Amino acid sequence: KAQLNKLPSDFVPSFFFLSLENTNMSSLFSNGKPNFSLEIPTIKFTKLFINGQFVDSLSGKEFETIDPRSGEVIAKIAEGRKEDIDVAVRAARVAFDDGPWPRMPGAERAKILLKWADLIDQNIEEIAALDTIDAGKLYSFCKAVDIPGVANTLRYYAGAADKIHGEVLKPARELHAYTLMEPIGVVGHIIPWNFPSTMFAAKVAPSLAAGCTMVLKPAEQTPLSALFYAHLAKQAGIPDGVLNIVPGFGATAGAALSSHMDIDKISFTGSTEVGREIMISAARSNLKPVSLELGGKSPLLIFDDADVDKAAELALIGILFNKGEICVAGSRVFVQEGIYDEFEKKLVEKAKAWIVGDPFDPKVQQGPQVDKKQFEKILSYIEHGKKEGATLLTGGKNIGNKGYYIEPTIFSNVKEDMLIAQDEIFGPVMALMKFKTIEEAIKSANNTRYGLAAGIVTKNLDIANTVSRSIRAGIIWINCYFAFGNDIPYGGYKMSGFGRDFGLESLHKYLQVKSVVTPIYNSPWL
């Protein structure tokens with residue numbers, strides 16, 4: 001198992017993951033190198049990126065993007081609306097119907113994607129700083145994992161661009177038939193604010209490799225890195241109109257994109273509520289296919305044979321990583337009764353030692369929530385937990401008078417019908433529960449409308465196999481958590497959505513199959 005905290009300082013992983021042997025957050029990300037005095041970069045790109053150019057919105061309106069460390073304005077961003085989406089879609093349509101990108105050999109597309117990846121590597125520190133000030137993410141983590149991960153996702157799909165093949169068929173009649181895999185067309189991407197860089201790459205890289213053109217709407221909370229990536233894409237040689245970035249709000253720009261008659265597919269990551277609205281818009285417009293990666297309320301099941309100290313560390317990071325703003329957060333932790341008391345004690349000790357503060361400080365393990373709205377939503381759920389009778393073991397309050405910082409919060413004595421056990425809070429709030437039998441654990445794990453991820457901690461292979469096959473979720477982690485990879489498909493069951501990001505499954509969702517058939521005459525065989 002990779003011990004990332006013991007690897008050379010110049011090693012850059014494509015994805016971060018935690019195993020029972022690798023749970024030291026501070027040594028993973030800081031490498032002991034101070035970066036707290038980093039100078040915040042000048043914001044260079046604040047306009048819409050349409051048809052290869054940075055342009056003002058047609059209305060001339062702007063919106064503010066906020067630094068969650070302080071609540072202060074970072075910059076004013078051009079606000080894209082329906083008319084701007086129309087312009088961007090027209091550019092993407094021309095680029096698809098008449099431009100070189102879909103007609104280019106896959107190997108040529110790959111060369112451009114690889115050049116783009118190299119340019120990202122040359123700008124890691126600046127892009128990492130943008131995601132830190134825009135989203136409150138840990139700078140050291142963005143620098144070590146998120147931004148290098150974008151470059152490596154581009155490289156992964158560059159490697160697939162020239163391996164898109166149909167197949168020759170053998171019909172039962174006098175016919176010769178084969179299939180073609182063709183790009184689906186103009187794609188609309190709508191990405192969330194919690195992982196602005198990772199989600200940008202997860203959507204853009206496979207659709208570009210497939211030969212599609214696109215319009216991407218970043219979350220209004222975090223538009224800065226997407227615009228910077230567009231600048232580098234232009235430098236890399238991606239043709240004008242292939243990649244268009246339109247910052248704006250969901251109710252205007254997002255709605256216009258999902259209902260547009262000339263968008264051939266929508267790929268969305270975000271809340272279940274918005275995902276439902278996107279499906280409705282897609283159905284009412286041109287019946288465009290939709291892929292959705294939505295909410296989660298993921299269970300982590302810890303069995304009696306687990307190493308209690310390591311399991312407690314894994315569980316804590318499973319909920320506090322990225323300040324709990326991650327759709328696969330292990331927000332429901334079920335611990336078998338034989339080790340429950342010891343586990344709870346260790347968990348609370350570790351939570352109280354967790355460091356919350358400025359995300360540029362290498363000692364900090366948790367930055368601020370993304371904005372005031374999310375900050376207040378999390379605090380309201382904490383109050384719900386108290387009123388419903390759960391026991392607050394630690395945390396539960398905001399920190400300081402400036403910025404959107406919240407204490408790591410753990411509730412015990414949680415009943416499964418409580419709001420804090422059913423709703424996706426998207427913050428550093430854990431619901432801790434006890435179970436007796438494997439059957440009870442499986443039933444509790446599945447007692448949710450979501451099905452995105454789950455974790456299992458056990459040394460027993462039979463338990464691991466039984467439970468992993470019994471939980472209805474798109475990805476199951478055994479003795480690890482957040483084990484993502486470019487080659488590992490990721491997506492949900494139930495109300496966590498459908499369709500997969502990453503892996504070749506993601507490439508295929510931007511392709512469609514065409515069958516070509518011709519008669520054969522006087523052939524000696526079929």
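By convention here, the first residue in the shown sequence is residue 1. What you see is a predicted model; the values in this text were computed from it and never measured.
Rounded to the nearest 0.5 Å, atoms CG (Leu48) and CG (Leu58) are 8.0 Å apart. Here CG of Leu130 is found 10.0 Å from CG of Asn123. Values are rounded to the nearest 0.5 Å. To the nearest 0.5 Å, the span separating CE on Met181 from CD1 on Ile184 amounts to 10.5 Å. Atom CZ in Arg449 sits 7.5 Å away from atom OG1 in Thr272 (nearest 0.5 Å). Distance CD1/Ile191 to CD1/Ile245: 7.5 Å, rounded to 0.5 Å. We find the NZ-OG distance between Lys288 and Ser281 to be 7.5 Å, quoted to the nearest 0.5 Å.
Residues Leu119 and His231 form no side-chain contact, since every pair of their non-hydrogen atoms from C-beta on lies 4.5 Å or further apart. In this structure, the side chains of Phe63 and Pro247 come closer than 4.5 Å at one or more pairs of heavy atoms. Taking 4.5 Å as the limit, every side-chain heavy atom of Leu216 sits out of range of all side-chain heavy atoms of Val246. Side chains of Lys494 and Tyr450 form no contact here, defined as non-hydrogen atoms less than 4.5 Å apart. Side-chain contact between Lys234 and Phe49: present, with at least one pair of heavy atoms (C-beta onward) separated by less than 4.5 Å. By the 4.5 Å heavy-atom criterion applied to side chains, Pro196 and Asp131 are counted as neighbours. For the pair Leu452/Ile475, no side-chain contact is recorded, criterion being any heavy-atom separation below 4.5 Å from C-beta on. Counting heavy atoms from C-beta on, the side chains of Ile319 and Val429 never come closer than 4.5 Å.
Within the 3.5 Å criterion, the main-chain N or O of Ala92 finds a donor-acceptor partner in the side chain of Thr213. Side-chain N or O atoms of Asp146 include none that pairs as donor or acceptor with a backbone N or O of Thr198 at under 3.5 Å. A donor-acceptor pair is defined here as one N or O able to donate and one able to accept, closer than 3.5 Å; no such pair exists between the side chain of Asp501 and the backbone of Glu293. Using modelled atom types, one side-chain atom of Gln422 and one backbone atom of Glu416 make a donor-acceptor pair closer than 3.5 Å. With hydrogens and angles ignored, the 3.5 Å screen pairs a side-chain donor or acceptor of Ser496 with a backbone N or O of Gly295. Side-chain atoms of Glu220 never come within 3.5 Å of backbone atoms of Thr65 as a donor-acceptor pair (strictly under, hydrogens ignored). Between the Glu407 side chain and the Asn398 main chain, no donor and acceptor come within less than 3.5 Å of each other. Side-chain atoms of Asp487 never come within 3.5 Å of backbone atoms of Gly503 as a donor-acceptor pair (strictly under, hydrogens ignored). Looking only at distances, no side-chain donor or acceptor of Lys509 sits under 3.5 Å from a matching main-chain atom of Pro206. A distance-only check finds a donor-acceptor pair linking the side chain of Asn244 to the backbone of Gly241 [under 3.5 Å].
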side-chain contact (heavy atoms from CB on, under 4.5 Å) for Tyr157 and Leu208? Distances and angles first, verdict last. CA-CA 8 Å; Tyr157 287 106; Leu208 284 177; over 6 Å; no

Would you sort out whether Arg332 and Ser298 count as a side-chain contact (heavy atoms from CB on, under 4.5 Å), showing the intermediate values? CA-CA 6 Å; Arg332 295 184 299 142; Ser298 300; over 6 Å; no

Worked check of side-chain contact (heavy atoms from CB on, under 4.5 Å) between Ile133 and Ile43: CA-CA 11 Å; Ile133 60 172; Ile43 306 304; 4.0 Å; yes

Would you please test Phe45 and Leu224 for side-chain contact (heavy atoms from CB on, under 4.5 Å) and show each step? CA-CA 7 Å; Phe45 307 107; Leu224 296 179; over 6 Å; no

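Of all non-hydrogen atoms in Ala107 and Asp162, the two that sit nearest each other are N-CB, 3.6 Å. Smallest separation of non-hydrogen atoms from Phe54 and Ala230: CZ-CB, 4.5 Å.
Both tests pass for Lys137 against the ring of Phe195: distance under 6.0 Å to the centre and angle within 45° of the axis.
No more than 12 heavy atoms of other residues, nucleotides or ligands shown are found within 6.0 angstrom of NZ on Lys61. Within 6.0 Å of the NZ atom in Lys377, the count of heavy atoms belonging to other residues, nucleotides or ligands exceeds 12. No more than 12 heavy atoms of other residues, nucleotides or ligands sit less than 6.0 Å from atom CE of Met279.
With respect to the salt-bridge test (charged N to carboxylate O, under 4.0 angstrom), the residues Asp423 and Lys297 do not qualify. The existence of a salt bridge linking Lys44 and Glu126 is confirmed by a sub-4.0 Å separation between a basic side-chain nitrogen and an acidic carboxylate oxygen. The pair Asp86-Arg90 fails the salt-bridge criterion, with no side-chain N (NZ, NE, NH1 or NH2) lying under 4.0 Å from an Asp/Glu carboxylate O. Comment: Asp56 engages Lys47 in a salt bridge, judged by a side-chain N to carboxylate O separation of less than 4.0 angstrom. Taking the charged nitrogens against the carboxylate oxygens, Asp134 and Arg69 have no contact shorter than 4.0 Å, which rules out a salt bridge.
In this structure, a donor-acceptor pair under 3.5 Å is absent between the side chains of Ser57 and Asp84. In this model, a donor atom of one side chain and an acceptor atom of the other lie less than 3.5 Å apart for Tyr229 and Ser197. A donor atom on one side chain and an acceptor atom on the other are found under 3.5 Å apart for Tyr510 and Ser267. Side-chain N/O atoms of Gln374 and Glu325 include no donor and acceptor closer than 3.5 Å. Side-chain polar atoms of Ser207 and His189 form a donor-acceptor pair below 3.5 angstrom.
For Trp477, the ring-ring contact (aromatic ring centres under 6.0 Å, His included) criterion is met by Tyr481, Phe484, not counting sequence neighbours. Shown here are the salt bridge (charged side-chain N to carboxylate O under 4.0 Å, His left out) partners of Lys514, two or more places apart in sequence or in another chain: Glu182.
Legend: side chain to side chain donor-acceptor pair (under 3.5 Å) pairs involving residues 93-109, not counting sequence neighbours, sorted by first then second residue: Arg93-Asp97, Arg93-Asp262, Arg93-Asp264, Glu108-Lys111.
Using cut-offs of 30° and 60° on the angle between ring planes, the pair Phe502 and Tyr490 is tilted. Between Phe482 and Phe321, the angle of the ring planes lies from 30° to 60°, which puts this pair in the tilted group.
Here the options are Ser140, Pro359, Pro68, the test is side chain to side chain contact (heavy atoms under 4.5 Å, CB included), and the partner is Thr132; only Pro359 passes.
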